[in-house]
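Beneath this line is the structure, given in structure tokens, with notes to follow.
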Protein chains: 6
Amino acid sequence: MKHQMETEILKAEVLIEAIPYIRRFAGSIVVVKYGGSAMVDENLKKSVIQDIAMLKYIGLKPVVVHGGGKEITSLLDRLGKKSEFLDGLRVTDEETAQVAEMVLSGSIAKALVDELEGVGIKAVGISGKDGRTMLCSKKLDEKGRDLGFVGQIDKVDTSLLDTLLANNFVPVVSPVGVDGMGNTYNINADYAASAVAGALSAQKLMFLTDVEGILKDKDDPASILRSLNKGQALAYIADGTIKGGMIPKVQCCIDGLEKGVESVHVLDGRVSHAILLEIFTTKGIGTMVTDKESV
Amino acid sequence: MKHQMETEILKAEVLIEAIPYIRRFAGSIVVVKYGGSAMVDENLKKSVIQDIAMLKYIGLKPVVVHGGGKEITSLLDRLGKKSEFLDGLRVTDEETAQVAEMVLSGSIAKALVDELEGVGIKAVGISGKDGRTMLCSKKLDEKGRDLGFVGQIDKVDTSLLDTLLANNFVPVVSPVGVDGMGNTYNINADYAASAVAGALSAQKLMFLTDVEGILKDKDDPASILRSLNKGQALAYIADGTIKGGMIPKVQCCIDGLEKGVESVHVLDGRVSHAILLEIFTTKGIGTMVTDKESV
Amino acid sequence: MKHQMETEILKAEVLIEAIPYIRRFAGSIVVVKYGGSAMVDENLKKSVIQDIAMLKYIGLKPVVVHGGGKEITSLLDRLGKKSEFLDGLRVTDEETAQVAEMVLSGSIAKALVDELEGVGIKAVGISGKDGRTMLCSKKLDEKGRDLGFVGQIDKVDTSLLDTLLANNFVPVVSPVGVDGMGNTYNINADYAASAVAGALSAQKLMFLTDVEGILKDKDDPASILRSLNKGQALAYIADGTIKGGMIPKVQCCIDGLEKGVESVHVLDGRVSHAILLEIFTTKGIGTMVTDKESV
Amino acid sequence: MKHQMETEILKAEVLIEAIPYIRRFAGSIVVVKYGGSAMVDENLKKSVIQDIAMLKYIGLKPVVVHGGGKEITSLLDRLGKKSEFLDGLRVTDEETAQVAEMVLSGSIAKALVDELEGVGIKAVGISGKDGRTMLCSKKLDEKGRDLGFVGQIDKVDTSLLDTLLANNFVPVVSPVGVDGMGNTYNINADYAASAVAGALSAQKLMFLTDVEGILKDKDDPASILRSLNKGQALAYIADGTIKGGMIPKVQCCIDGLEKGVESVHVLDGRVSHAILLEIFTTKGIGTMVTDKESV
Amino acid sequence: MKHQMETEILKAEVLIEAIPYIRRFAGSIVVVKYGGSAMVDENLKKSVIQDIAMLKYIGLKPVVVHGGGKEITSLLDRLGKKSEFLDGLRVTDEETAQVAEMVLSGSIAKALVDELEGVGIKAVGISGKDGRTMLCSKKLDEKGRDLGFVGQIDKVDTSLLDTLLANNFVPVVSPVGVDGMGNTYNINADYAASAVAGALSAQKLMFLTDVEGILKDKDDPASILRSLNKGQALAYIADGTIKGGMIPKVQCCIDGLEKGVESVHVLDGRVSHAILLEIFTTKGIGTMVTDKESV
Amino acid sequence: MKHQMETEILKAEVLIEAIPYIRRFAGSIVVVKYGGSAMVDENLKKSVIQDIAMLKYIGLKPVVVHGGGKEITSLLDRLGKKSEFLDGLRVTDEETAQVAEMVLSGSIAKALVDELEGVGIKAVGISGKDGRTMLCSKKLDEKGRDLGFVGQIDKVDTSLLDTLLANNFVPVVSPVGVDGMGNTYNINADYAASAVAGALSAQKLMFLTDVEGILKDKDDPASILRSLNKGQALAYIADGTIKGGMIPKVQCCIDGLEKGVESVHVLDGRVSHAILLEIFTTKGIGTMVTDKESV
């Protein structure tokens with residue numbers, strides 16, 4: 001009995017420890033790019049949902065942007081349509097764009113909404129089509145090749161997002177865009193998250209990934225960079241320290257900063273409660289990228 | 001030149017003729033059940049979108065609830081899954097429910113949103129999952145048979161619909177529901193429209209169908225009933241005047257009235273601008289069902 | 001029966017055609033200077049009232065400024081007081097100003113209000129005295145002669161107009177002003193309309209006149225200028241193309257533009273539904289004067 | 001110098017004495033029927049305007065309803081039209097109604113507005129036509145005779161009055177009404193004041209008259225009744241104590257009480273600042289009529 | 001490093017555990033009667049302040065009512081005035097009431113405000129005098145004896161409390177009241193807390209005491225009653241189970257319930273974070289008294 | 001009877017005379033520093049309370065900042081603690097600061113609140129601790145000596161004051177401040193009034209003093225300066241015209257102006273209704289200091 005009380009008191013102290021962080025981030029918009037293992041493993045999934053709910057309950061304003069590449073491939077397979085990639089980017093003909101939209105807007109977003117509602121959070125699944133939130137045009141790849149209906153975001157109209165946030169709904173955004181002529185575009189989810197966070201002037205943009213953070217040596221977790229600023233990030237890319245698949249991720253970080261996000265975080269989505277840990281621990285976890293001169 | 005002016009003046013007079021109707025319905029919520037031929041024929045489709053836009057522009061508050069049985073069957077076919085029906089009702093196992101959701105919430109609703117945005121209307125596609133708008137449980141068929149994940153609506157939570165309407169968005173609602181335990185339900189679209197209209201205390205609920213209206217003799221368009229009240233409707237069902245596939249439609253009409261809708265309309269969706277015609281002509285078109293003693 | 005339906009569908013199509021114009025002008029303030037034949041002929045009168053009502057119903061904010069020279073002369077005659085004019089401008093002693101006020105504020109404005117209320121529009125007749133909307137001082141004529149209580153508007157206080165517009169009333173403004181010392185002034189109605197439109201930053205200012213528009217040759221309707229900008233208007237006055245009674249009208253147009261109105265229109269009030277035609281036809285009717293470099 | 005200070009201190013004490021009355025009536029709607037000598041004598045006129053301004057400044061909400069019989073007769077005379085009366089009531093043909101409207105709405109109301117604006121009060125002159133504030137039908141006299149366009153008020157729509165009061169404007173109401181068919185009615189001003197006060201649930205309705213108050217003996221000012229309740233008033237009429245021209249006045253008092261006014265006052269408008277005296281003195285002045293059982 | 005991460009994850013899980021309680025009490029008004037050891041011991045003091053801050057941060061609306069008997073006695077001693085008690089109640093002459101007010105309103109309330117501000121909570125110290133929040137009259141003791149300026153609360157005016165709560169301030173209320181004639185009253189703090197909680201229709205009223213809760217045997221902590229309803233409480237008082245100093249406490253609980261509080265809690269203020277423990281543990285701690293039939 | 005009426009009319013005229021001043025100052029924030037004889041003499045006290053109430057009733061927004069040096073000394077005496085002064089400034093150890101706070105926040109402020117409530121004004125006593133309204137640090141005297149807990153105001157946070165004013169409460173502010181580390185500071189009341197008035201951008205700051213105003217010769221009331229501007233004030237200090245105890249008062253005036261107050265007034269608090277006299281007389285009383293070039 002007495003022991004139980006002591007345990008409870010220890011728990012209360014954990015809550016108390018959270019106060020300075022709650023104070024600091026009250027009212028902040030936090031955009032979470034949700035993808036990778038955290039979308040597959042059931043326990044991690046549950047932990048992400050709980051973390052987002054917690055952010056909402058303590059007064060932050062979370063916005064979720066989700067991915068879903070594996071699920072798209074899976075449905076394409078079932079339909080007998082082969083997924084084609086060019087340097088890792090999906091070639092997206094009209095049919096593929098339509099299948100992707102059904103998976104993203106019709107299945108994944110709604111499932112996330114349902115999980116959030118299950119913990120008492122009001123949530124709404126929207127795509128770039130709803131309220132013309134993300135107006136797109138065709139995006140060529142780095143080499144100037146046309147990959148089909150892959151969207152580059154020309155304009156984020158935040159009026160629907162603003163309405164939902166002001167009325168206490170958590171928006172769950174599918175990376176699907178539209179041009180003014182009836183075409184549907186698949187958008188890279190990291191890039192969509194960065195555009196949405198920028199348009200909302202979010203305090204934080206968090207990428208849930210399958211790596212520890214930004215690593216100098218991709219095979220050595222100990223080589224993680226805890227924080228870096230824009231200049232440093234660009235320098236690391238230039239001198240080859242940051243390379244390969246890490247480059248587009250870092251570019252999305254820089255992109256977010258340039259659009260007005262205060263800090264961008266590359267988190268290890270394989271760790272339980274990665275989102276809460278970033279908010280509630282002194283040094284945060286993963287890598288933080290900011291616009292400040294020296295970090 | 002002069003002739004052209006006269007034509008223009010005649011057009012202005014048509015606008016002027018609309019004034020008394022605009023006055024009468026300003027601010028009214030009108031729920032449109034969209035389905036049948038009007039969802040297939042490109043011209044009819046365009047006319048429905050224009051009609052809804054017009055309602056919005058002249059100060060009404062339209063809400064769209066759409067169907068999509070053919071599109072669901074089509075995707076199930078492509079996935080090699082046979083659609084099974086029992087007395088005309090789809091047997092819905094978990095996979096079917098998921099496919100239906102992708103088609104309804106991920107494809108049809110978003111396409112309608114895009115068309116409305118194309119004529120300058122702010123629109124948002126939601127399903128019963130968003131904001132837990134339609135909470136469901138399993139619905140047995142008339143004979144008490146379990147058809148799987150076919151939903152009966154236990155509660156409509158209008159808070160998301162209210163938020164969208166108050167902020168000038170047109171809600172496009174997919175007939176997909178959810179229970180509190182993570183299950184997805186396919187809902188009959190007529191029934192969903194009636195539940196939504198009732199919960200919103202809509203002034204009008206309009207069913208776009210592939211018939212002229214409620215007919216005494218289904219093979220004779222001239223046998224159309226222009227208006228009937230609840231008591232008459234029940235009497236016609238009892239005495240066999242209304243029969244077959246018309247019965248569930250009439251029951252949805254009665255259902256809407258009982259939930260608080262002022263008038264329910266069975267319209268011929270094969271006629272261009274059926275919605276506007278109902279609003280802007282003296283006698284309306286199709287069949288009107290009301291709760292009033294004598295019509 | 002079927003023929004009737006087809007007629008109705010054609011009418012619906014006319015409504016649909018109006019959508020892009022409704023979109024474009026939603027929420028716009030439109031000031032209509034109402035005078036000339038359109039105030040005398042019963043059919044034209046009715047068409048003006050209907051047009052203003054239609055503007056209101058589809059979401060614009062009309063403001064009416066009316067004239068009334070003939071009615072003033074008529075009452076002065078009945079009172080045995082001879083109307084005296086100097087180069088077409090009424091010499092206005094104190095008694096004349098008082099008679100003019102009674103006719104304008106007490107008879108014409110209230111009759112217009114009643115007609116608007118008759119088609120379901122909330123309307124209020126105000127003069128420059130109410131809420132000190134138009135503060136005046138004496139206006140000398142072009143030759144510097146004192147014509148008595150003819151007002152030059154020194155200040156438009158829009159607080160009453162703003163209150164009425166915000167509460168869905170259509171203001172009907174009589175061209176009567178006041179100075180701070182208890183004197184009543186008769187104001188030229190064109191000039192009052194231009195001042196009010198400017199103070200409200202109206203999107204459109206429309207003059208209902210008894211001519212086709214601005215004509216190069218006043219005897220040849222075909223010489224109408226469809227659109228011209230400020231520079232062109234000034235040039236035409238300078239080179240004598242625009243001359244005589246057309247000059248003050250054009251100066252009111254320029255005046256309106258300089259005070260912030262987007263476009264000013266000289267319409268032929270003898271044509272039914274001239275106001276709606278201006279709003280709802282591609283090229284508009286009459287003459288449009290704007291501030292844009294090239295038209 | 002010192003003497004001057006003492007005078008000033010005495011004045012401050014007068015202000016201080018007003019506090020309990022200001023407290024008591026803060027926010028109250030007070031309808032003042034303005035007519036009689038107080039509308040003719042320049043000093044009394046000024047005192048009424050000042051009193052109304054003072055009410056506004058200390059937080060009450062005054063509404064003015066004015067008369068103008070003499071001014072109507074005067075204009076009719078100038079127009080060579082003889083005023084005809086039946087038992088003291090004006091026979092009102094269409095022309096008379098139009099002349100009355102011009103005088104009331106176009107001249108008197110606007111002049112009052114200007115005087116109020118002159119002491120810094122925002123004011124607006126309206127008639128029963130504006131916002132259809134007073135909807136009328138024909139009122140027969142006591143003997144059932146048709147006197148022409150003399151209005152009986154069927155409905156007071158307070159939406160315009162409410163808008164003006166909420167936006168700090170003092171409404172100045174002309175006793176002119178309208179039916180739904182374009183006819184203009186002259187309304188007895190006492191009766192209009194009582195209807196407006198009732199519809200606004202005014203705390204006070206004050207009639208400025210040319211008598212000391214309600215007198216038992218019309219020739220003996222000392223026979224004034226300081227206060228009486230509805231029952232007593234009816235009894236005095238029944239037993240002939242109140243008689244002649246005092247009867248319709250007392251009936252308007254009773255009418256006001258029945259429509260929801262808290263207290264009705266018959267004041268001597270020939271006394272300077274009669275309105276303020278009623279508000280700021282312990283026993284008030286003139287006669288107070290209330291609905292309370294015993295006074 | 002890894003160990004540290006695991007510790008952090010455990011902490012995150014504690015936060016997550018709190019979600020259902022946060023959901024349940026969001027927006028609730030919680031009145032905390034603060035007194036006893038928790039006001040003396042520095043660590044307990046800090047824990048109370050943190051708990052109140054936490055309630056505020058997660059969306060509850062805490063109101064603090066504090067005591068201060070010891071501090072009053074101490075200042076009276078320093079002033080050479082002997083504290084006199086009658087059956088445990090302080091005899092309160094005018095000077096004592098004034099000293100009590102200075103200690104409560106001038107010292108204790110302001111110190112609490114400062115501590116709350118120190119953890120980022122906006123707080124305001126008020127007494128029953130501010131906004132006439134607690135209007136009092138003299139309260140005789142149980143035996144009908146006059147103890148001086150000991151107040152019985154006749155009316156709680158919540159307008160100041162409502163204003164502060166609506167603007168995100170935590171009210172810190174001193175148990176000092178006032179009558180309408182300039183007299184200051186000392187109020188029993190338990191009683192003041194119960195009156196304030198009732199007037200605010202608080203969800204919870206928590207008494208921080210120096211006992212474990214309501215005990216059947218005051219010397220045996222194991223005899224604690226975990227929950228009881230009003231009927232049971234009255235029965236226990238009647239049969240002598242609850243006796244001595246516990247009686248007034250229980251009467252305050254019943255008093256709170258009768259005034260509309262949902263549940264009243266007698267907590268052991270000697271336990272760290274007693275307030276949070278009550279909110280965030282399944283069964284709560286101390287004794288809960290409710291109005292429900294069976295607990 | 002008649003004579004009485006005439007007296008009443010004269011009183012009404014006094015009220016009427018006040019109109020232009022009420023117009024001029026409607027909505028203005030007026031900060032009154034309350035101290036000196038006006039806080040001791042019962043009649044003067046009552047007159048100050050009435051004046052503040054009158055300001056509130058006619059639409060101004062008064063804020064009271066009070067002093068209390070004598071009362072602090074008196075309680076220190078009773079506690080056997082000797083008041084120590086250095087060049088007229090109180091040496092303030094921690095105990096003195098605590099006693100001062102109890103007197104100011106716990107006794108004087110609450111008594112003033114009660115008096116204001118007694119005349120129907122909603123009032124709230126706050127100190128610099130409430131809502132951290134006045135954040136302080138240690139203030140050294142002119143010679144750089146440490147006098148203990150004497151506060152210099154580093155920041156005025158007006159959010160609590162704004163909330164109270166917006167909700168019609170009159171704030172009564174005690175000159176007690178706080179630093180971020182739990183220390184309590186005594187603040188010079190003149191200086192606190194000037195800081196509060198500046199932070200609120202008050203129209204007027206009035207110092208109630210025991211002198212006629214700013215005098216050139218302190219022994220000759222006739223040497224009073226009726227008005228002076230900042231430049232003149234500085235010049236008079238520089239050339240020795242203003243000297244001794246008048247210097248800090250004048251510096252507070254200049255301080256207020258520099259922080260944004262429109263005019264600062266040094267009033268003779270020994271004169272009844274000094275506050276109203278300043279507002280309601282043509283030339284005001286005492287000395288007015290403004291920022292205008294020439295006065």
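Lettering of chains follows the sequences in order, A, B, ..., and the numbering in each one begins at 1.
- Rounded to the nearest 0.5 angstrom, Ile49(D) CD1 and Ile19(F) CD1 are separated by 10.5 Å.
- Leu15(D) touches chain F through backbone and side chain together, each having a heavy atom under 4.5 Å away.
- Ranking Ile16(D), Ile58(D), Ile22(D) against chain F, the residue ahead of the rest is Ile16(D), based on heavy-atom pairs under 4.5 Å.
- Proximity to chain D (any heavy atom under 4.5 Å) is shown, for Ile9(F), by both the backbone and the side chain.
- Taking CD of Gln50(F) as the reference point, atom CD of Glu17(D) lies at 10.0 Å (rounded to 0.5 Å).
- Considering only heavy atoms from C-beta on, Met5(F) comes within 4.5 Å of Leu277(D) through its side chain.
- Interface residue Ala12(F): backbone and side-chain heavy atoms are both found under 4.5 Å from chain D.
- Across every non-hydrogen atom of Thr281(F) and Glu8(D), the tightest pair is CG2-OE1, 2.8 Å.
- When side chains are defined from C-beta on, Lys11(D) does not count as touching Leu276(F), because their heavy atoms never get closer than 4.5 Å.
- Within the model, atoms OG of Ser272(D) and CD of Glu13(F) stand 6.5 Å from one another, a figure rounded to the nearest 0.5 Å.
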